[in-house]
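Structure first, then comments.
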Amino acid sequence: MPPLLRSILLSFSPLLLLLLSQTSSRPLPKGSHLDPSETPRYLHKFGYLPKPVTNFSDHSDPEFKSAVSLYQSNHGLAVSGKLDSATLAQMSTPRCGVSDKITINNKNGNNNDSVVSHYAYFPGQPRWTRARPVVLTYALSPTNNIDYIPRPKVEAAVRRAFGRWARVIPVKFRPAEDYDAADVKLGFYRGDHGDGEAFDGVLGVLAHAFSPESGRLHLDAAERWAVDFGVEESDVAVDLESVATHEIGHVLGLGHSAVKEAVMFPSLSPRSKKVELTVDDVEGVQALYGSNPNFNITSFLESETSYAVDSVRRSFMGNFVGVIVLLLCV
Ligand SMILES: *[C@@H]1O[C@H](CO)[C@@H](O)[C@H](O)[C@H]1NC(C)=O
Ligand SMILES: *[C@@H]1O[C@H](CO)[C@@H](O)[C@H](O)[C@H]1NC(C)=O
Ligand SMILES: *[C@@H]1O[C@H](CO)[C@@H](O)[C@H](O)[C@H]1NC(C)=O
Ligand SMILES: [Zn+2]
Ligand SMILES: [Zn+2]
């Protein structure tokens, strides 16, 4: 299996749906909740079951139970091996399609249910091995793009996403003059686009990226991408900057983290932003590349705290749904 990072599977948690239905008159997207009968396929897709089919009517099937247990452990849920409502809610929440089997590990490099998991890497811990100072160029595809957001705004969101990583590691990202020569190539693609990982339309897989040193970062053109939720009103809008930040983490060599607040956690709710690196993301990427000499972890931790407080305040002043999303993520 190629070291492919798959994407972000988008749907709503029941709690969010409930609250949305009480706070918004807009119709809810159809099919946004995972049916329990879909769970074997889901668990297979994300690396928890070797086969997509198991005897689902038999909830005591040991293989199924252990798959559910590991999923729960990797998502900070109470480990019961049962499809309880919290587990189904998590499965219904937007997530990246990268197989957790490949990428979620604890710091000792093994899957141990009783150990809290953190950041993770691809097998062999691939990273960009350039002479220092490492400079990676990036470019947006000139042809595979979206037309409803002005290009400069897309570029600005992508630039901010790269900037967050560049701040903490001694790696610089520069826009490439020539798309074909760029180290990191970003583009919006629809359906089957030739890399064996077809996108699935609205509210499915959102994006995927490949491990180092591939540099391919693909966003699902079928999503309703947003750079400003004040302008983009769709209930299924997805924050471009948040997804770009997550996928750049994969481009750099990070896998999924089991820390819910981390940018590298697989899930992202629609109409929510998660762009600030957490200490887990920082530790993970610095273990691969070292620290940016200008980066001060002490002041970072201080700003991380004040940012969290600020976001809560902003969300309360902004819109109610934003608050709910924030609470769900915590
Ligand atoms: C699935 O499990 C149920 C309940 O244990 C059992 O009755 C049924 O025979 C099983 N089906 C298969 C195909 O194994
Ligand atoms: C998992 O970690 C716990 C605590 O460190 C340890 O006691 C246990 O033996 C480990 N289990 C496995 C299967 O490695
Ligand atoms: C890092 O930041 C802290 C708090 O802002 C400050 O006290 C400390 O001197 C800084 N360390 C360096 C090496 O700049
Ligand atoms: Zn991911
Ligand atoms: Zn692709």
Side-chain angles (χ1 to χ4, degrees), residues 1-10 45-47 74-75 90 93-105 117-122 140-141 143-145 161 165 167-168 184-201 204-212 214-223 238-269 274-275 277-282 284-285 291-307:
M1 179 168 180
L4 167 64
L5 280 174
R6 299 186 300 231
S7 35
I8 294 183
L9 177 65
L10 186 56
K45 181 174 175 60
F46 299 113
N74 281 345
H75 291 81
Q90 181 62 52
T93 302
R95 60 153 291 157
C96 181
V98 176
S99 171
D100 297 342
K101 181 184 180 185
I102 294 174
T103 62
I104 286 191
N105 277 305
S117 297
H118 298 278
Y119 57 79
Y121 306 111
F122 292 97
L140 280 160
S141 168
T143 48
N144 295 96
N145 51 33
W165 294 104
R167 188 183 149 212
V168 305
V184 184
K185 296 184 174 74
L186 302 92
F188 296 85
Y189 297 86
R190 199 174 285 276
D192 185 353
H193 52 285
D195 59 15
E197 293 290 326
F199 284 135
D200 56 0
V205 165
L206 286 183
H208 55 225
F210 294 72
S211 61
S214 157
R216 280 175 293 169
L217 193 167
H218 297 167
L219 301 144
D220 187 348
E223 305 306 336
V238 178
D239 185 52
L240 177 63
E241 189 176 338
S242 302
V243 173
T245 306
H246 177 99
E247 298 301 332
I248 291 166
H250 288 319
V251 165
L252 288 168
L254 285 176
H256 284 151
S257 172
V259 174
K260 287 212 158 185
E261 298 75 18
V263 157
M264 295 317 293
F265 189 73
S267 302
L268 180 73
S269 297
K274 193 202 253 183
V275 295
L277 303 188
T278 64
V279 68
D280 183 69
D281 301 304
V282 172
V285 78
S291 176
N292 185 321
N294 300 320
F295 180 72
N296 181 331
I297 190 85
T298 311
S299 54
F300 170 76
L301 289 171
E302 286 165 4
S303 69
E304 194 186 31
T305 312
S306 63
Y307 174 79

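No experiment lies behind these values; they were computed from the predicted model shown. All ligand and atom numbering here is 1-based and tracks the order in the structure.
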- Between Phe300 and Phe295, is the gap from one ring center to the other below 6.0 Å? yes

- Are His256 and His75 an aromatic pair by the rule of ring centers under 6.0 Å? no

- Message: Need the ligand 3 atom indices (1-based, order shown) with element for anything under 4.0 Å from a heavy-atom of Ser299.
- Response: 2 (O), 5 (O)

- Item | atom 9 (O) of ligand 3 touched by protein heavy atom at under 4.0 Å | no

- Task: Output the atom name for the N/O/S atom of His208 with the smallest distance to the Zn ion (ligand 5).
- Result: NE2

- Query: Is the backbone of Gly194 close enough, under 3.5 Å, to the side chain of Asp192 for a donor and an acceptor to pair up by distance?
  - Reply: yes

- Message: If I take the Zn ion (ligand 4) as the centre, what angle separates the NE2 atom of His256 from the NE2 atom of His246? Nearest 10 degrees is fine.
- Response: 110°

- Item | Heavy-atom donor-acceptor pair, His246 side chain to Val263 backbone, under 3.5 Å | yes

- Query: Any donor-acceptor pair under 3.5 Å linking the side chain of His250 with the backbone of Ile248?
  - Reply: no

- Indicate if the distance from the Zn ion (ligand 5) to the nearest N, O or S atom of Asp195 falls below 2.8 Å. yes

- Message: Rounding to 10°, state the angle centred on the Zn ion (ligand 5) that links NE2 in His193 with ND1 in His218.
- Response: 110°

- Message: If we ignore hydrogens and angles and just use 3.5 Å, is the side chain of Asn144 paired with the main-chain N or O of Gly187 as donor and acceptor?
- Response: no

- Item | Heteroatom distance test (Asn296, ligand 3): nitrogen or oxygen, under 3.5 angstrom | yes

